[in-house]
Each structure stands twice: as C-alpha cells, then as structure tokens.
There are 2 protein chains.
Amino acid sequence: MDTAAQTLTDAAIQAALDAKTKPAGALGRLETLAAQIARAQQTLAPQVQSCRLILFAADHGLAVEGVSAYPQAVTRQMAANLAAGGAAATVFARTLGVHCQIVDCGIAGPPLGAQGVLAARIADGAANSLKGPAMTPDQAHASLALGAQLAQAAPEDTLALGEMGIGNSSAAALLIHKLTGLALENLVGAGTGLDGAGIAHKRAVLAAVAARSPARLGPIEALCAVGGFEIGAMAGAMQGGARAGKLLLVDGYIAGAAAACALALEPAIRDHLIFAHQSSEAGHPHLLAHLGADPLLKLEMRLGEGSGAVLAWPLVKAAAAMLRDMATFAEAGVSGRTS
Amino acid sequence: MDTAAQTLTDAAIQAALDAKTKPAGALGRLETLAAQIARAQQTLAPQVQSCRLILFAADHGLAVEGVSAYPQAVTRQMAANLAAGGAAATVFARTLGVHCQIVDCGIAGPPLGAQGVLAARIADGAANSLKGPAMTPDQAHASLALGAQLAQAAPEDTLALGEMGIGNSSAAALLIHKLTGLALENLVGAGTGLDGAGIAHKRAVLAAVAARSPARLGPIEALCAVGGFEIGAMAGAMQGGARAGKLLLVDGYIAGAAAACALALEPAIRDHLIFAHQSSEAGHPHLLAHLGADPLLKLEMRLGEGSGAVLAWPLVKAAAAMLRDMATFAEAGVSGRTS
C-alpha cells in the first residue's frame, strides 16, 4: 500500500504469467486476479492459504418503516442460525475450509447470548434514519475500529466479509448514493424479495431519508446519516485487513457499500479488495461499474451473509497457486508457439 | 437414469430448497445446481465429497495441416508437465483437493514412460482426418470403453474430465458440426491462440475435412471421421461415470464436444453432466445453447486440461452441502416473510 515501496512492476507480473506453460492469456480472469494478488502482496510467489469469514450482524431502526420483506427479529434469529452452522454462508464455509466468526455489533434487543457469537455491540441497533441520524460520529468510528481490530487480529491471510441485518439493503443504497452521487432510484432493489409495491414503498421511504441530508457526504458523515454498524465494521475490516497485508473478499451489494466507504477513506487499499460476485440486487451492477470492479462469480445470488465471498475463495487460492507454482515453458521443456 | 425408478419429483426438490433459511431463490444458480444434483442422485441429501480429474492426452494427425499455434510435440511435453504437477490443471487440482489421473490414450511417437502417466494407448495418435478417417470403428469403441472403465473404477463421487491434444479444437469443431448440424463456420475459433490468418487457414482445412463425409453423422461415425481418442474417452467416461451414479464436470469446448457425443449415445445421462465453465473459444456458446447448458463459471478461460472443471468443483460441493445441511425455517426458528 506504500506506493513508494512498490518495486514489482505490472510488466514483471505479466512476464511471469506469460512464461507459465499455457497460451498467453488462456486463464482469462484468473490471470488478472493473480496479477492483482501479486500487486497486493508485492511478490510473484503469493501465499493464499487460509480464509476466515467475519460476519457482522446488526439492526436498522429504518426496518420499522416496512422496507424489508422480513421482520426485524430475523436478524437475531439468523445470527443464532449462523452461529449454529445452519445458514448458507456457514454451510459453504464449512464445506470449503473457511473459518467462521459471527459478530454481534448491534442487534436490536438484549444481548444475544448465543454460543459462537462474539458480543461487540456498539448499540442496541442503529437509529431510524428517517427520523434522525442512524448513528453518532463516535459510533461510526467505533464500528470502523471494531472491524479493523478483528481483521488485524485474524491469523488468516484472506478474509471474507459478510453481514446480516434486516433493512441493510436500504442502508447500503443510501450510503452508496451519498458517497458516489449515483442516482438513488437505480440503487433501490428487491432486497430479500420485495414485490413491486414493496419496492415502490421502499423507494419512497429512502427518498425521504436521502432528503434529510446534503446530496453528497463523506464516508463518516454518510455512515452517521444512514448507517449501519455492520457496514461500518466491514469497511473498517477492509482498511485494517489491507494494512495487515491481507486480501479481502467483498461479497455482494451490502459489502460493496462498505467497500465504497473504505475506498473513500483510503483509496490505496484497492488492490487488496477482491470483488467476489455480482449480486442480482438491482443496484449492484451500478456500484460495480462505478468502482471499476469485475466480480469473479455471476451466479444470480442475492443472499448476503458473505455467501458469495466464501464461494469465490477457492478461485483466489487457485489463482495465487497458479502464479506461484505453475512451471514455466523453460522449466518444463515445453515448446513455444510456431505461429 | 432409469426414469421409471425416479420418485423424487421436481416439486419435492423445490419445496426442500424453499424451506431453507434464505429468501426463496436467493442462491440463484446454486439452487438450480443443487436441484440437478438431487435429480442425479435421487436424494434430498446429496453426497458430493470427493473429486478426481481424469485427463486424457492424445494426438491428432490433422495437426500436420497447421491448424494449431503450437507444434504436435507439445501434447507429449505437456503430458509430462501435467504428471509432474506443473501445469495449470494439476496446480488447481492440488490446491482444491482434487486427485489427478493423467492418461496417455494415444500420444504420437513412442510410449511416454513418464511417471504418473497411465499408458492406455489406443494408437500412436489419431490419423489425419483430411486424408482419411481419424480412427477405425474398433478404435472409437475402444476409446469409449477406456473412458467408461476408468470412470467406473474411480472411487470418487465426482469426476472432472480434461484433455490435452494439439489440434483438438479442430476435432471438437468438426465433431460438433457432424453431430448437431451447427454451422461449421461458427464452431471454428482461435484454439490455443491462432491469429486471423491462422483461423482462416484452419477454417479452410476443416471445411475440406467436413466435405469428406455426410453432413450429419451419428456419434461413432463422427468419432471415426474426425477423432480423437481423448474426446471418445471423455465421452465414454461421461457414460460410464453416470451409470455408476457419479457427477461429471464438463470442462470447456473439447469436453463439450465429448458431452455432445455422450448425449447422442445416451440422452438419459443429462442430469449427471455439470457444465463447469464457458470457454472464450468462439464455438462454445453455440454448443452450450444447443445443449441448453448454463455453465457455472464465466472467466474468459480457454486452456482445456480440465482446468475449468476443477475450478467449478468447490461450487458443486457447496451446492450439495447447501441442500443437504442448511437448516429450514422451522428447524432454526426463523420467521418467514411479512409481505
């Protein structure tokens, strides 16, 4: 991340890829991924060996405005389901050798007390952003610090970041709108599965929330205005993880909002962020285009929880191994092109 | 595969998926994959635990006509590189816990003698299809039988099928053309990386080969006319593997030609074939559309060796685990939709 210290040039990385026993460019997106990993780790022998899913759960006061197809209690219920290993992301993680860490950073109601959930509660849910700020500046900084601390403390070289929070596709849409200036109407989608009338209502509520603050906001101001704690924590984890030299797997739309926030705070972490999958949530392609990101997987998923980030992990491991371990034409005694 | 014995309905599979703790359909393509695996294994608790890459290497007499960017010797050199673990597919396999089996089913020249290469040579390379048949009917049946035997003998529940053979994107294009009636001009691409002039030459050579036999051929006749041994062996492995209840991961364009051949021989194996990735070889989208196949990965790869099939393996394992192991709303005590 210290550009002055970077000595590994893009040309050197490309030459290393082209020397491998395959037609030049024949591994497509895996080659651009390997090049990114090489830039992030500043080595032609990148080490990508272990992955942890850090999943931040928190609630949103805005949920009472009917912006989700599910009741707010689902955040709490799903945190317990995740901790028990029954949710999609935890099943995927177990299957693919990814360690799971479930973090309550602000679930509404009393502390969860479920085994396997780390209690790191910033507040009893973010406040309703239609009535006032979702959080205070202190809470925004605390959510960033929480994520950074957990990311830096993790022993793994790669972190997948996930979230659970009923209402958080609304917070994500608002945050992206305030940070990037992208039109709010293009950023509002079905979330967990609203129908047409539900999306129209969500659109009206979010427009009213957006009207409460200036058109464009900086990252801390935007977090304060629209939330939430899990988004701030993911943004902090991206910053802290990148500073610790780790790769960060960015899940779908909500994690993408956190990435927009982290990049606004610290643009130099860009090479450490690997965009894992393209969500079918309507606003995600707009965000990805704005960030110039080309995600690895396009599987029409829209679940969150870090599920797409975990599924992309084997591709990241494979890309690093390719650059590190594949034989060159010279090493393997393989002939080059004749034409 | 015995449709009379199938008692697990599509409705039952869908109900099981919709009971899982996620919004209905939120796992997108992973859900249709899980449903396919359930149909293939006829259970709502599918077991996908282990994977073997069987990689068939063979040569093509047509290579002397200048249809590839690389010399024929590369087949032999790469077989040794694969066996030594230095090629992309073997690096990916090692990284993702996939066992590798490299099979010489007809590399030109003397037997390879490389450690880790199974010698199962049908002939000293397929014959030049521009001058006569690529193989005899006995050789076509022998290649199918070889693949079937190795697939049935493998202890793994899932097989990734790969190939190495300079000139085999030509054989694949011709085979698909003869089997499906798709226009040859849409099926000819850059292979390992021909330039425009090279593709024009390849197109002319393949048109001349195609003119030597009737417009449409059955699978055995097509194998005899255009080859090759590795394509026949992959087709046989698909049939034999499916009969043994295994899932078969179909790699890119060459493996896709083998799938077209296997499906022409035995349409009932369809649910056992999982199309792993969409190659950037020009003809692959045409073949996939013809087969009604929606591959899992779209990474602009065009390497062969089973590299895309191996990369898709974690997704298949994860999809099966999702259907088998995820908690239902009832089991986890999670509330359903409010709207």
- prompt: Could you state the interatomic distance from CD1 (B:Ile166) to OG1 (A:Thr338), rounded to the nearest 0.5 Å?
  reply: 9.0 Å
query: Distance from A:Met78 atom CE to B:Lys22 atom NZ, nearest 0.5 Å?
result: 10.5 Å
So, for [X] and [Y], which heavy atoms are closest and what is the spacing to 0.1 Å?
{"X": "A:Lys317", "Y": "B:Thr95", "value": "CG-CG2, 3.4 Å"}
{"X": "A:Asn81", "Y": "B:Ala327", "value": "OD1-CB, 3.6 Å"}
{"X": "A:Pro314", "Y": "B:Leu96", "value": "CB-CD2, 3.6 Å"}
{"X": "A:Thr21", "Y": "B:Gly86", "value": "OG1-O, 3.7 Å"}
{"X": "A:Ala87", "Y": "B:Met326", "value": "C-CG, 4.0 Å"}
{"X": "A:Pro23", "Y": "B:Thr192", "value": "CB-O, 3.1 Å"}

- line: From the list A:Glu300, A:Arg29, A:Arg302, A:Met301, the residue making the most non-hydrogen contacts under 4.5 Å with chain B is A:Arg302
task: Identify which of A:Ala26, A:Gly25, A:Ala319 forms the greatest number of heavy-atom pairs closer than 4.5 Å to chain B.
output: A:Ala26
- request: Flag the one option from B:Ser335, B:Ala332, B:Pro71 with the top tally of heavy-atom pairs under 4.5 Å to chain A.
  value: B:Ser335
Can you find a heavy atom in the side chain of [X] that is under 4.5 Å from one in the side chain of [Y]?
{"X": "B:Leu27", "Y": "A:Leu299", "value": "no"}
{"X": "A:Asp325", "Y": "B:Arg94", "value": "yes"}
{"X": "B:Leu297", "Y": "A:Leu297", "value": "yes"}

message: I'd like to know if the side chain of A:Arg337 and the backbone of B:Gly193 have a donor-acceptor N/O pair within less than 3.5 Å.
response: yes
message: Heavy-atom cut-off 4.5 Å, strictly under: side chain, backbone, both or neither for A:Ala84 against chain B?
response: neither
